[in-house]
Amino acid sequence: MNVNVILQWLSSSYGAYFDGDMWMHIFTSPQAWGLIGTLVLMEGLLSADNAIVLSAQVSVLPEKQQKKALLYGLWGAYIFRFIVIGFGTALIKLWFIKLLGGLFLVWKVIEFFKNRNKDGEGEEDDAKPSGLAKYIGLFWSTVVSVELMDISFSVDSVMAAFGVSNIVGIVFIGGCLGILMMRGVAQLFTVLMAKVPELEVTAYVIIAYIAVKMLLEIPYIGIELPDVLFFLFLLVSFSITFGIHFARKPKLQN
């Protein structure tokens, strides 16, 4: 490929990040900050699924390492968000990321329930690392999982953000603040999972739903499940989980 073509593409894709007039407009325009606030709110509402996935991913780590894994994933999310926004509307061609993300989630759900069924087979089996953890350790394999999920979910988030504003700086600031907000939700959910153990199973049931949703939305299938159905599924799942938890609690205390 011609070097000039590559440079022209890079300039057209990422040149907007270095547009001083654009940044001056953003920092001095109440309307721009109104759009950024809209994007942060939208990111928070749309990232419930991402927060649940992330909290389930890091829950396998010791408590001290959970925040560290989310922090490393946070920097990766920012870098990828910078790259993805540069692609802009070309993101629609990256549908295969959603396919890979969906398949990855399916694998994680299968692995979780398979290992859960082995719980009664002895502590030695439980202690053995599996998958990528065999080669790079549990902590770094968890960080990789967090990054993969950030990549999968970023495509949808950025496409939705471009529907609100086509100004790169507004989309970037709104997305970064939204990621920070979502990490806070993930940490809260991780703490909640520690207090309500039944939520771990619920999290993976929800992840299975998210995986099916992602796979159905790829272009060759093209079925979009409405967001209201997802939130209804969340409501029913959490209601059943907390019902079971409070029903079991008196028995466990006796």
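Since the structure is predicted, the reported quantities are computational estimates derived from the model, not experimental observations.
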For residues Leu234 and Ile206, report the shortest heavy-atom separation together with the two atoms involved.
-> CD2-CD1, 3.5 Å

Leu105 vs Met214 side-chain heavy atoms within contact, under 4.5 Å = yes

When the ring planes of Tyr72 and Phe139 are compared, do they come out parallel, tilted or perpendicular, using 30° and 60° as the limits?
-> perpendicular

Cluster link Phe112 to Ile244, ILVMFWY, side chain under 4.5 Å = no

Reported CD1-to-NE2 distance for the pair Ile167 and His25, which is rounded to 0.5 angstrom | 4.5 Å

Minimum-distance pair of heavy atoms, taken over all atoms of Asp19 and Asp21 = OD1-N, 3.1 Å

Could you label the plane-to-plane angle of the Tyr209 and Phe233 rings as parallel, tilted or perpendicular, counting under 30° as parallel and over 60° as perpendicular?
-> parallel

Residue pair Phe230 / Ile210, side-chain heavy-atom distance below 4.5 Å | yes

Short question: side chain of Trp33, backbone of Ile26 - any donor-acceptor pair under 3.5 Å?
-> yes

Can Arg248 and Glu198 be counted as an ion pair, charged N to O under 4.0 angstrom?
-> yes

Is the shortest heavy-atom distance from the side chain of Phe113 to the side chain of Val109 under 4.5 Å?
-> yes

Gap between atom CD1 of Ile170 and atom CD of Gln31 - 0.5 Å precision = 7.5 Å

Rounded to the nearest 0.5 Å, the OG atom of Ser59 sits from the CD atom of Glu200 at a distance of 5.0 Å

Heavy-atom closest pair (Leu225 atom, Lys213 atom, distance to 0.1 Å) is O-CE, 3.7 Å

Could you check whether the rings of Tyr78 and Trp75 sit parallel, tilted or perpendicular, using 30° and 60° as the cut-offs?
-> perpendicular

4.5 Å side-chain heavy-atom contact, Tyr204 and Leu199 | no

Please tell me if the side chains of Ile218 and Ile221 come closer than 4.5 Å, counting only heavy atoms from C-beta onward.
-> yes

Same hydrophobic cluster for Phe231 and Val236, using side-chain heavy-atom links shorter than 4.5 Å among ILVMFWY?
-> no

Does some side-chain heavy atom of Leu39 sit less than 4.5 Å from a side-chain heavy atom of Leu35?
-> no

Can you tell me how far CZ of Phe242 sits from OG1 of Thr202, rounded to the nearest 0.5 angstrom?
-> 8.5 Å

Provide the closest heavy-atom pair for Ser141 versus Leu138 in the form atom of the first, atom of the second, distance.
-> OG-O, 2.9 Å

Shortest non-hydrogen separation from Val40 to Gly174 and the atoms involved = CG2-O, 3.7 Å

Nearest heavy-atom neighbours spanning Val58 and Ala69 = CG1-CB, 4.1 Å

Kindly compute the distance separating CD (Gln57) from CD (Glu147), expressed to the nearest 0.5 Å.
-> 11.5 Å

Residue pair Leu215 / Val106, side-chain heavy-atom distance below 4.5 Å = yes

